[in-house]
Amino acid sequence: MATVKLENITKIYPGDVKAVDKANIDINDQEFVVLVGPSGCGKTTTLRMIAGLEEISEGTLSIDGKVVNDVPPKDRDIAMVFQNYALYPHMTVYDNMAFGLKIRKFPKDEIDKRVKEAAAILSIEKLLDRKPKALSGGQRQRVAVGRAIVRHPKVFLFDEPLSNLDAKLRVQMRAEISGLHHKLNATMVYVTHDQIEAMTMADKIVVMKDGLIQQIGSPLTLYNDPDNLFVAGFIGSPPMNFMPVTIKKEGGKMIADEGKFSIEVPAAKQNTLEPWLGKQVIMGVRPENLKVNDNGTPQDSIIAEVSVIEQLGEEIQLHLTTDMSSIIAKVPPTLTFRVGQKVFFTPNPDKLYFFDRENELVIR
């Protein structure tokens, strides 16, 4: 397989619109890298530049150590799986999978061998004589992946391949593509706007916003150690809760004061927060790190009202409203709440994050 290296890759559209700005990404051999971010963040444009479908305005793109900026797509030894499958409707599944090899003048027996091998890997042997209109969405997606597999490319590129599937099938196909990655020991670059897909599939995640890379790291690194407010709020479902607090010292203790509530800052974070004494920062806490009770005191917990209750079987997600903000908490299914009920919640002080209000970077 292959490595892929993006050095200061930039894409500028007419009108000086920067879709991607100085992207630097190292993709290792056999690595599964996911580009994730909201619509319009530049992730698909980045993928299309790797594929050669978009011209690179600035920077250098290398595949397996070779600069490919001016190499046409057909000569980059990559295979791309599109969001809309891009199958030929008049061809059978077999012919769709074989088409690229026929164009490249592969011998018939080699084509037959590769198509049948790919069909076996994807469990679509019984579909080879069908045409795309006779297939379900999931089957069409397998055919599109199979067409990529038969090429034996250096790099697989996936552009939101599961977005047209229903929720249950998305989960199934997610697992299948992850399994395929391990079977083929392939280098894969995968684009999605769904952070759950990114978290469950990736070896490494690239989070993008407005054409800029916000952070690159393993799923757990991004979840536990986000660089900024955007990554903290984007990675995780439900997202991290945020509330404005002022850093103060009272009675020799450093506290984060929300106005109607204060919490002692953990000793490990006190030196870090010293420069922010007397200043307002953003405090973040994940939903699973909130303890919710139906009683408490204003000194050690925040009073809130239950606005929405989502019963998910293994847990309950409580949507709470305070005077300052809206909060989501994950609580055990054994607890009982009702809409409109007054409750008290307490953040786990050892699981707090603090962010600079000006630049939105995490305070480390």
Side-chain angles (χ1 to χ4, degrees), residues 1-11 20-38 41-51 59-65 68 76-81 145 148 153-163 170-171 173-237 239-240 361-362 364:
M1 286 297 149
T3 59
V4 181
K5 189 177 182 69
L6 287 73
E7 297 178 272
N8 293 316
I9 292 292
T10 299
K11 177 62 183 179
V20 179
D21 191 5
K22 291 184 172 57
N24 289 284
I25 309 171
D26 285 327
I27 300 168
N28 299 320
D29 185 31
Q30 300 182 17
E31 195 168 38
F32 196 125
V33 173
V34 177
L35 310 182
V36 68
C41 71
K43 56 189 185 294
T44 293
T45 301
T46 301
L47 192 79
R48 289 175 64 83
M49 285 191 284
I50 296 172
T60 303
L61 173 68
S62 305
I63 297 178
D64 226 8
V68 296
R76 292 193 182 192
D77 204 2
I78 53 95
M80 190 157 175
V81 179
V145 172
K154 285 183 176 177
V155 184
F156 288 85
L157 306 178
F158 295 86
D159 184 15
E160 304 218 31
L162 310 184
S163 59
R170 271 205 308 274
V171 173
M173 286 300 297
R174 216 163 63 198
E176 288 187 16
I177 291 174
S178 293
L180 189 65
H181 171 242
H182 294 295
K183 276 183 191 173
L184 301 177
N185 291 320
T187 303
M188 293 186 172
V189 188
Y190 187 105
V191 160
T192 181
H193 63 274
D194 184 340
Q195 56 90 23
I196 294 178
E197 267 181 41
M199 289 288 288
T200 54
M201 299 174 78
D203 297 320
K204 184 160 68 186
I205 298 175
V206 180
V207 182
M208 299 185 71
K209 177 192 176 192
D210 299 333
L212 293 167
I213 292 175
Q214 301 294 306
Q215 189 173 355
I216 300 176
S218 70
L220 285 180
T221 297
L222 267 58
Y223 189 82
N224 293 320
D225 195 17
D227 280 348
N228 58 43
L229 206 62
F230 177 77
V231 175
F234 191 82
I235 299 294
S237 180
M240 186 182 288
L361 296 177
V362 71
R364 289 193 174 101

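The basis for the numbers below is simple: all heavy atoms, side chains too, and nothing from hydrogens, waters or symmetry mates.
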Under a 3.5 Å distance rule, please check whether Gln215 uses its side chain to pair with a backbone N or O of Asp225 as donor and acceptor. yes

Side chain to side chain contact (heavy atoms under 4.5 Å, CB included) between Thr3 and Asp64, worked out: CA-CA 5 Å; Thr3 59; Asp64 226 8; 4.2 Å; yes

Looking at every heavy atom in both Lys209 and Phe230, which two are closest together, and how far apart are they? CD-CD1, 3.6 Å

Say whether, by atom type as modelled, one donor and one acceptor occur between the side chain of Lys43 and the main chain of Gly37 under 3.5 angstrom. yes

For the side chain of Asn24 and the backbone of Asn8, is there at least one donor-acceptor N/O pair under 3.5 Å apart? yes

Measuring from Ser163:OG to His193:NE2, what's the distance to the nearest 0.5 Å? 6.5 Å

Side-chain touch Phe234/Pro226, heavy atoms, less than 4.5 angstrom: no

Shortest non-hydrogen separation from Ile196 to Asp194 and the atoms involved: N-OD1, 2.8 Å

Quick one: pull up CG in Leu229 and CD in Gln214 and give me the separation to the nearest 0.5 Å. 10.5 Å

Pick from Thr46, Ile216, Val36: which one makes a side-chain contact (heavy atoms from CB on, under 4.5 Å) with Met208? Thr46

At their closest point, which heavy atom of Leu162 faces which heavy atom of Met173, and how far apart are they? CD2-CB, 3.6 Å

Looking at side-chain heavy atoms only, is the closest gap between Asn28 and Asp203 below 4.5 Å? no

Main-chain N/O of Thr200 paired with Arg174 side-chain donor or acceptor, under 3.5 Å: no

Quick one: does Leu61's side chain get under 4.5 Å of Ile50's, heavy atoms only? yes

Yes or no on side chain to side chain contact (heavy atoms under 4.5 Å, CB included) for Asp21 and Thr10, after CA distance, side-chain angles and deciding distance? CA-CA 5 Å; Asp21 191 5; Thr10 299; 4.2 Å; yes

Evaluate the side chain to side chain contact (heavy atoms under 4.5 Å, CB included) criterion for residues Arg364 and Asp227: first the C-alpha distance (whole Å), next the side-chain angles of each, then the deciding distance (0.1 Å), finally the verdict. CA-CA 9 Å; Arg364 289 193 174 101; Asp227 280 348; 2.7 Å; yes

Flag the pair Asp159 / Met80 as yes when at least one side-chain heavy-atom distance between them is below 4.5 Å, and no otherwise. yes

Would the distance check show the side chain of Asp210 and the main-chain N or O of Leu212 forming a donor-acceptor pair, the cut-off being under 3.5 Å? no

As an exercise, state the distance from CE of Met188 to CD1 of Ile27, rounded to the nearest 0.5 Å. 13.0 Å

Value for CD1 (Ile235) from CD (Gln195), rounded to nearest 0.5 Å, stands at 5.5 Å

Can you confirm whether Glu176 sits close enough to Val145 that some side-chain heavy atom of one is under 4.5 Å from a side-chain heavy atom of the other? no

From His181 NE2 over to Ile177 CD1, what is the distance, rounded to the nearest 0.5 angstrom? 12.0 Å

Is there a side chain to side chain contact (heavy atoms under 4.5 Å, CB included) between Leu184 and Phe156? Walk through the geometry before answering. CA-CA 11 Å; Leu184 301 177; Phe156 288 85; 4.0 Å; yes

Keeping Thr60 on the side-chain end and Glu7 on the backbone end, is there a donor-acceptor pair under 3.5 Å? no

Is the shortest heavy-atom distance from the side chain of Glu197 to the side chain of Tyr190 under 4.5 Å? yes

Once rounded to the nearest 0.5 Å, what's the spacing between atom NZ of Lys11 and atom CE of Met49? 7.0 Å

Whether Phe158 and Phe32 hold their rings parallel, tilted or perpendicular, with breakpoints at 30° and 60°: parallel

Hey, are the side chains of Met199 and Ile205 touching, using non-hydrogen atoms and a 4.5 Å cut-off? yes

I need the minimum non-hydrogen distance between Ala79 and Pro153, along with the two atoms involved. CB-CG, 3.6 Å

If you look at every heavy atom in Val20 and Gly42, which pair is closest and at what distance? CG2-O, 3.5 Å

Looking only at non-hydrogen atoms, find the nearest pair between Val155 and Ala2 and report the distance. CG2-CB, 4.1 Å

Considering only heavy atoms from C-beta outward, does the side chain of Ile63 approach that of Asp77 to under 4.5 Å? no

